Amino acid sequence: MTASTEPSGCVSVQDSFCQRKSRSTCKRQPSAREEEATVKEPLDLVRLSLDEKIYVKLRGDREIRGRLHAYDQHLNMILGDVEETITSVEIDDETYEEIIKTNKRMLPYLFVRGDGVILVSPPLRQ
């Protein structure tokens, strides 16, 4: 029996029985596309959302939905076609009831500073 190394890093053996056995135990290298879609670190989930609509929850009762164009390790983000929702709670002076108000605005582009980010996810279904 003689052994040789294949380009994939697997060892093939000339004997047909051993050849079948070595191929079944050989670990296949992931393709570039599979490796690109692999999640190994938390920020890989954000990387997979590039050019996709995402939902971002921020400090100060702010929510943003928009298309993710760029981000960095601090979660600074550039979003396009943004819908920002600001929720505020006011108390009625006479009845002391809470009044919840929401203000929405549309923006073509928005830079989000990462220290205000609480959560990033695919957009919530309404």
Side-chain angles (χ1 to χ4, degrees):
M1 280 189 256
T2 60
S4 65
T5 304
E6 294 179 352
S8 65
C10 300
V11 175
S12 67
V13 180
Q14 297 297 332
D15 184 304
S16 63
F17 172 76
C18 293
Q19 189 173 11
R20 275 185 257 124
K21 187 174 182 179
S22 69
R23 287 185 192 242
S24 67
T25 59
C26 178
K27 292 183 179 175
R28 184 178 67 84
Q29 297 294 323
S31 68
R33 174 173 266 172
E34 289 173 332
E35 194 160 307
E36 189 175 288
T38 303
V39 176
K40 294 180 181 176
E41 297 179 8
L43 284 179
D44 289 344
L45 287 172
V46 178
R47 178 180 47 85
L48 293 174
S49 296
L50 277 171
D51 292 326
E52 300 285 332
K53 285 280 222 177
I54 63 168
Y55 167 81
V56 182
K57 184 172 177 75
L58 300 168
R59 292 183 188 175
D61 294 324
R62 292 175 179 249
E63 299 175 353
I64 295 174
R65 288 175 179 79
R67 186 167 305 279
L68 179 64
H69 290 287
Y71 72 97
D72 66 10
Q73 71 272 16
H74 305 290
L75 280 182
N76 295 321
M77 293 179 270
I78 297 175
L79 300 172
D81 301 323
V82 179
E83 177 189 11
E84 180 183 29
T85 305
I86 303 170
T87 304
S88 61
V89 178
E90 297 177 3
I91 298 178
D92 188 306
D93 292 334
E94 295 174 6
T95 62
Y96 298 104
E97 291 181 2
E98 290 184 348
I99 301 169
I100 299 173
K101 294 183 178 180
T102 59
N103 295 326
K104 291 189 179 188
R105 67 178 179 162
M106 299 296 293
L107 301 163
Y109 283 98
L110 183 67
F111 175 83
V112 178
R113 186 172 169 173
D115 68 348
V117 174
I118 295 172
L119 175 123
V120 178
S121 78
L124 298 174
R125 304 291 178 225
Q126 294 181 359

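Atoms considered below: every heavy atom in the structure, side chains included; atoms not considered: hydrogens, waters and symmetry mates. Computed from a predicted model, the values in this text were never measured in an experiment.
By the neighbour-count criterion of 12 heavy atoms within 6.0 Å, atom OH of Tyr96 is sparsely surrounded, having that number or fewer from other residues, nucleotides or ligands.
Partners of Leu107 according to the side chain to side chain contact (heavy atoms under 4.5 Å, CB included) rule, which considers only residues two or more places apart in sequence or in another chain, are Val82, Glu84, Arg105, Leu110. With sequence neighbours excluded, the residues that form a side chain to side chain contact (heavy atoms under 4.5 Å, CB included) with Asp92 are Glu94, Thr95, Ile99.
You'll find the side chain of Leu68 stays beyond 4.5 Å of the side chain of Glu52, heavy atoms only. Side-chain contact between Val112 and Tyr71 is absent, with no heavy atoms from C-beta onward closer than 4.5 Å. Within the 4.5 Å cutoff, the side chain of Ile54 has heavy atoms near those of the Leu79 side chain. Looking at His69 and Asp51, their side chains come closer than 4.5 Å, going by heavy atoms from C-beta outward.
Side chain of Arg65 to main chain of Thr85: no donor-acceptor pair is present (N/O by atom type, distance under 3.5 Å, no hydrogens or angles). Within the 3.5 Å criterion, the main-chain N or O of Ile86 finds no donor-acceptor partner in the side chain of Asp61.
Of the inter-residue distances, the one linking Asn76 atom CG with Asp115 atom CG reads 8.0 Å to the nearest 0.5 angstrom. Here the CD1-NZ distance, from Ile64 to Lys57, works out to 11.5 Å after rounding to the nearest 0.5 Å. Rounding to the nearest 0.5 Å places CG of Leu43 at 10.5 Å from NE2 of His74. Atom OH of residue Tyr109 and atom CD1 of residue Ile78 lie 9.5 Å apart, to the nearest 0.5 angstrom.
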Next on the checklist: Using the rule given for side chain to side chain contact (heavy atoms under 4.5 Å, CB included), can you reason through Glu83 versus Lys104, listing the C-alpha separation, both sets of side-chain angles and the distance that settles it, and then say yes or no?
Outcome noted: CA-CA 7 Å; Glu83 177 189 11; Lys104 291 189 179 188; 3.2 Å; yes
